[in-house]
Asks: 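Below: one structure in structure tokens.
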Amino acid sequence: MTEKKYVLAIDQGTTSSRAILFNHSGEIVSIGQLEHEQIMPKAGWVEHDPIEIRDNVREVIGQALAKADVNRHEIAAVGITNQRETAVVWDKNTGEPIYNAIVWQDTRTAKIVRELAGEAGPDKYKDICGLGLATYFSGPKIKWILDNVEGAREKAEAGDLLFGNTDTWVIWNLTGGANGGVHVTDVTNASRTMLMDVRKLAWDENICADMQIPMQMLPEIKSSSEIYGYGAKNSLIIDTPIAGDLGDQQAATFGQACFEKGMAKNTYGTGCFMLINTGEEAITSQNGLLTTVCYKIGEQKAVYALEGSIAVTGSLVQWLRDQLGIISTASEIETLAETVEDNGGLYIVPAFSGLFAPYWKDDARGAIVGLTRYNNKGHLARAVLEATAFQTAEVLEAMNADSGVNLSQLRVDGGMTANSALMQFQADILGVTVVKPKVAETTALGAAYAAGIAVGFWDGEQDVVANWCEDRRWEPQMESGERERQMRLWKKAVTRTFNWVDQDVQSE
Ligand code: ADP
């Protein structure tokens, strides 16, 4: 028998799908990657073609294996991580989706969400599912598909339709699709649907009934680390155990080895997602954070997290590049920001489609405030970068308030951590040490670890801790008085974005 030397992680992300092969030390051996189309039929609507995603996943697996000249006999297990909340509904007999995947950023369910909230308000289901009602989550997206696609509701009630986030869709297809594919998800992904009781780790009948979602279309909820099924006959990973499944942010927390209560990571990409491990207790936030499952290894108890999701961070840098044309590459923002000493009194609050944590205001819109004749594009660049750090600082404040302890160190990853000036400002404005690991692909790594642990390739979390290795750290240098002044001005800027959208212009 060939020795098992690798674990394959599949990262089905918002803009691309990737397959990454890791060795036993948690190092990257090869990567396959393909982008998929962002379909935007109307303002506020964002869709993906599930067939394109399915085919891309197959192809990137081929790329990763070919580049490393590895075949499935050397692969111990496959782990999946994915863009969370994005909803796919398909016909289990044909394997055909009945509608495009509705992506997490899509806001078409605003009206459904308002109606569900009714008199009770957006926190109606928060004690059960850990989440306030928002367009972000999967449940209302499933309801939209069943309400709007002809014949969908009848088919769902007859048991012909299946729902899944993209983890479920990928696993179902990899394990055989209409020919015996397994219909499963893990606790972390299920915790982003609004349909799961976050403490019982089971679908909640009442919420499903309120959203008119037949429970037979929901996948079976599994742990994040166990064998779900095996690669199908016609695939490159035939008979290989598929054994890890975590939503992308939870996978990054796992890959960052945040296994102890109070440890936190922040991922700086298109948006920012900060999670703090709260141990075996699911804490209901009083400060605008989400209660979510962090991971569950096999039969062990689930570990929970509080999450602060920020919609716009890296995408604000893209906006400066693509919409304003002030820079031509993302990294150019660093040199432009260095042309000035400070932000010159300028604050940009990127509430492009409302504000996520800790405010959750869908009627907010972006604002640039504090403008004077003195300001130039250097100040603008600086304010763009600082917006990411300020938003993160507000999430951290909420986390400290909810958990009752002050975080002392933040582990970071994601594309924006390439920007050292930003990381220094982040440490300054948080008053906390910021630390970056050697392997930046923490999301895929987390999925690989979950899969490898399930099959005994790694012994457990201690192997992840042993493999985690620091690359750089930034220590806070700002005086506390200056930090407080900056935060005061930022918070004032945020209040200027509230209540901008009037009911009569809101797209439904
Ligand atoms: P995602 O996984 O969400 O696609 P990544 O982790 O790949 O995101 O990070 C890409 C984001 O980081 C982009 O939004 C880009 O604008 C931003 N980015 C990349 N390089 C820099 C930089 N040097 N300074 C600031 N932002 C950057």
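Computed from a predicted structure; not experimentally measured. Position 1 is the first residue of the sequence, and the numbers go up from there. Just so you know, ligand 1 is whichever comes first in the structure, and atom 1 is the first atom listed for that ligand.
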Asks: May I ask you to list the atoms of ligand 1 that are less than 4.0 angstrom from any heavy atom of E334?
Replies: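 Here the atoms of ligand 1 in question are 23 (N).
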Asks: Between the side chains of S191 and T292, does any donor sit under 3.5 Å from an acceptor?
Replies: yes
Asks: Is it true that a side-chain atom of R483 and a backbone atom of D428 form a donor plus acceptor pair closer than 3.5 Å?
Replies: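 Yes, the answer is positive, given that a donor and an acceptor are paired below the 3.5 Å cut-off.
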Asks: Side chains of Q426 and W474: is there a donor and an acceptor less than 3.5 Å apart?
Replies: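 The answer is no; no qualifying pair exists.
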Asks: Considering only protein heavy atoms, determine whether one is less than 4.0 Å from atom 3 (O) of ligand 1.
Replies: yes
Asks: Which protein non-hydrogen atom lies closest to atom 25 (C) of ligand 1, naming both residue and atom, and how far is it?
Replies: N419 ND2, 3.6 Å
Asks: With distance as the sole criterion, is a donor-acceptor pair present between the side chains of D11 and T81 under 3.5 Å?
Replies: no
Asks: Between T188 and D186, is there a side-chain donor-acceptor contact under 3.5 Å, judged purely by atom types and distance?
Replies: yes
Asks: Is there a heavy atom of S315 sitting under 4.0 angstrom from any atom of ligand 1?
Replies: yes
Asks: For atom 8 (O) of ligand 1, what's the nearest protein heavy atom and its distance?
Replies: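 For atom 8 (O) of ligand 1, the nearest protein heavy atom is G269 CA, 3.4 Å.
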Asks: Checking a contact table here: which protein heavy atom is nearest atom 9 (O) of ligand 1, and how many Å away?
Replies: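 For this ligand atom, the closest protein heavy atom is G415 CA, 3.3 Å.
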Asks: Suppose we measure from atom 18 (N) of ligand 1 to each protein heavy atom; which comes out shortest, and what is that distance?
Replies: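 In this structure, atom 18 (N) of ligand 1 has A330 CB, 3.9 Å as its nearest protein heavy atom.
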Asks: Below 4.0 Å, non-hydrogen atoms only: which portion of R321 touches ligand 1? Side chain, backbone, both or neither.
Replies: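 For R321, there is no contact with ligand 1 at all, from either part.
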Asks: If you measure only the distance, is there a donor-acceptor pair under 3.5 Å linking the side chains of Q12 and Q83?
Replies: yes
Asks: What's the shortest distance from atom 26 (N) of ligand 1 to any protein heavy atom, and which residue and atom give it?
Replies: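 Residue, atom and distance for the closest contact: M416 CG, 3.6 Å.
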Asks: Under 4.0 Å from a heavy atom of S331: which atoms of ligand 1 are those, numbered in the order shown and with their elements?
Replies: 23 (N)
Asks: Measure the distance from atom 16 (O) of ligand 1 to every protein heavy atom, then report the residue, atom name and distance (to 0.1 Å) of the closest one.
Replies: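 So the nearest neighbour among protein heavy atoms is G314 O, 3.0 Å.
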Asks: Heavy-atom distance under 4.5 Å between the side chains of R192 and Y136, does that happen here?
Replies: yes
Asks: Nearest heavy atom to atom 13 (C) of ligand 1 wins, so pick from E332, E441, Q318.
Replies: Q318
Asks: Is it the side chain (CB and beyond), the backbone, both or neither of T14 that lies under 4.0 Å from ligand 1, heavy atoms counted?
Replies: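 Answer for T14: neither.
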Asks: Name the one of F254, W468, W458 that satisfies ring-ring contact (aromatic ring centres under 6.0 Å, His included) with Y449?
Replies: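 In the set F254, W468, W458, the residue that makes a ring-ring contact (aromatic ring centres under 6.0 Å, His included) with Y449 is W458.
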